[in-house]
Amino acid sequence: MRRRLIGAVAVLASAGLVPAAAGAQEAEAPATGASEVVLPTGETVGILDDGTLEFPEGTAFTVATDADGGRAAVPLDAVDEIASGAYETSDFNVDSPGAGFEASSEIEPNVTVTGEWRDGSAPDTFAVSWTRVGAAQGGGLEFFEGGTAELGLEPGFYHLVVMMYKGPEENVADVVSAIQEVRVGEHPVEVLVDGAKAKRLGFDLEREAEAESVLLDVFSRRSGKEVDSGAWLGLAAWPGGDMYAVPNGRLAKAQDAGYVLRQGLASPEGTANPYSYDLFRHGSGGFRGDLTPPVADAHLARIDADFQTLGAEGVLTRQDLSDHADFPAWMYTRTGEVALPSSRTEFFTADPRIEWEHRSYFPFDGPSSPWDLVHHRSGVLEPGAVYDMSWNNAPLSVGIDNNGQSWPPAAFVRWDELESVYFGPWMFSSSTGGEGIQSEYLPGKITLASGGEVLAQNTEIGLGVGIADVPAGELTLTATADRNAAWTPLGTRSDAAWTFDYDPAGNPVLPVSVVEFAASGVVNGAAEGGTVQDVELEFAQQPGADDQDCAAMTFEVSFDDGATWTAVPIDRDGDTATAQLALPDTAAFVSVRFTAADEQGNTVAHETIRSYAVA
């Protein structure tokens with residue numbers, strides 16, 4: 001997935017992965033994971049590892065970028081306070097708090113923009129961002145009370161990007177968007193954004209579906225410029241109100257002006273065979289053509305999703321990331337909650353330029369509390385194709401493969417452009433079905449050592465160290481984590497230790513591995529007692545590392561939460577092995593322990609208590 005580097009640097013700096021200066025890294029490096037910004041209105045906005053934003057449940061936000069790519073995230077129920085002067089827009093800059101988002105200019109107001117709602121009344125509030133046509137010059141985000149905005153602009157040709165709101169105090173505001181083309185000369189200019197001409201913006205579906213989320217980008221930037229200081233406004237809302245847009249005539253060819261609509265919808269509550277939609281549409285030339293086009297199920301990609309439990313009934317919140325080659329996603333859309341266990345038919349826009357990532361999460365208390373993110377990645381989906389996807393696949397074990405997400409690019413990686421080395425094992429992950437489980441804000445202990453000397457430690461799983469502080473030669477990374485999760489009795493503790501050779505000039509993807517583990521008969525986190533399981537083991541290197549052959553592998557099992565361990569004979573053939581595991585009737589859980597080594601002498605040892613249950 002493509003990400004703007006400025007966003008990556010901001011995220012990693014907040015995660016302690018970018019040293020302030022060469023050699024200035026402290027011995028104890030902060031954890032990775034989502035950073036967070038507390039807005040002056042009290043809401044907490046999370047910035048995840050991949051640069052996407054995470055807003056509190058049940059909220060609605062408008063978002064804009066400044067000339068440097070910083071994002072202002074403003075709750076809709078606070079826009080009137082900014083418009084009245086109680087806050088500055090810069091107070092809501094989540095990438096560089098307090099920076100950017102200057103007023104349009106020091107020129108006396110010479111452009112008056114009047115907004116009228118669909119019924120002719122004044123909107124409660126509206127936001128304006130502007131850009132000079134054909135130039136890397138822009139301004140805003142600015143909020144204005146009522147139906148009048150005043151801007152001071154130099155003579156020239158401009159695009160105004162506008163969003164008008166009704167009912168923002170409800171966090172489910174109706175929105176009218178527009179792109180207006182304006183020529184500013186020596187005399188004052190008056191512009192009318194006529195909501196009476198607005199058309200419904202959305203999708204015309206074959207099935208009844210209720211909105212769960214909406215992401216709307218409205219923009220005007222220089223043609224051919226991916227990152228520019230043009231005009232851009234975004235809306236993120238759960239579930240979102242009604243969306244409208246004012247159709248426009250032909251706009252200047254020097255500008256790439258248009259919109260991107262991402263929307264998640266789900267079948268009405270109580271539907272016998274539940275379904276969902278996650279849809280993407282790009283409109284060019286502003287708001288032109290059919291703004292609510294028909295969408296046929298047969299033209300979409302379909303995923304038949306099976307949602308298992310991890311040993312406890314509950315709910316998952318489903319989200320997806322639709323990353324377009326020309327329009328990188330800045331947030332996940334959500335398609336509602338699903339019960340565990342259950343199944344659902346999920347439909348997606350199929351486009352060769354869109355890569356899909358899928359994510360679910362268990363209930364959590366906020367961006368800084370521990371929670372599990374379950375990842376899958378479909379990539380490009382084909383129109384009319386049908387895929388199967390199983391969620392929450394036990395057994396659980398330690399993982400290093402970023403199944404389902406493309407950020408960070410590896411669990412153990414040297415990041416040359418950011419002058420950092422990053423270590424981030426997944427301590428309670430699945431190793432089957434192309435699934436990864438990442439525990440954010442997982443408390444524990446992670447330590448990097450060289451020759452018996454501790455180089456860095458952290459009390460959350462995730463560690464960033466400056467390149468200058470990591471010597472060449474053999475390194476040892478140890479990690480241990482305990483947890484007591486409300487959503488699963490599984491994965492109560494994991495320990496892992498890696499020894500590996502580190503070459504500062506070699507492959508940036510480090511030569512580490514795990515033993516991936518799959519066992520037959522595990523359903524909803526449990527296998528039947530008194531049965532014999534077929535077990536498959538695989539020496540799994542971190543994707544992208546230099547290829548090495550497995551030289552040794554062991555497997556042990558415990559039925560008393562690690563108090564005693566029994567070696568399990570394995571039949572190894574190169575990097576894979578098989579085994580037979582007899583489950584006693586009296587056991588409640590199965591814990592697993594592995595060791596492995598490659599031919600270059602890099603080793604791993606890891607264990608997970610309560611990898612899966614015995615029913």
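Just so it is clear, the structure is predicted and the values come from calculations on it, not from any experiment.
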Expected output: side-chain [X] to main-chain [Y] donor-acceptor under 3.5 Å:
X	Y	result
S129	G139	yes
T292	R200	yes
R281	Q263	no
D217	G234	no
R222	R132	no
E43	F55	no

Mind jotting down which residue pairs meet the ring-ring contact (aromatic ring centres under 6.0 Å, His included) criterion with at least one end in residues 189-212? Sequence neighbours excluded, please.
none
Please say which of L233, V260, L201 ends up in a side chain to side chain contact (heavy atoms under 4.5 Å, CB included) with L216.
L201
Partner of F219 under ring pair (Phe, Tyr, Trp, His ring centres under 6.0 Å), chosen from Y259, F327, W232
F327
For [X] and [Y], work out which heavy atoms get closest and say how close.
X	Y	answer
V162	M164	CG1-CG, 4.0 Å
D326	R221	O-NH2, 3.8 Å
A231	T131	N-CB, 3.5 Å
S267	P274	OG-CA, 3.4 Å

Does a side-chain N-to-carboxylate-O contact under 4.0 Å join [X] and [Y]?
X	Y	result
E181	R250	no
R302	D297	no
E212	R318	no

Quick one about [Y] and [X] (side-chain donor to acceptor, distance below 3.5 Å, no hydrogens or angles considered), yes or no?
X	Y	answer
Y165	T62	yes
S322	R262	yes
S220	Q255	yes

Return the orientation label for the Y277 and Y275 ring planes: parallel under 30°, perpendicular over 60°, tilted otherwise.
perpendicular
Do the rings of W130 and Y158 sit parallel, tilted or perpendicular, given the 30° and 60° boundaries?
perpendicular
Suppose the criterion is side-chain hydrogen bond (donor to acceptor under 3.5 Å, both in side chains): which pairs have a residue in residues 113-122, not counting sequence neighbours?
D119-S121, S121-K166
Answer with yes or no after comparing the ring centroid distance for F348 and H358 against a 6.0 Å cut-off, counting only values under it.
yes
Flag the pair Y361 / Y332 as yes when their ring centroid distance falls below 6.0 Å, and as no otherwise.
no
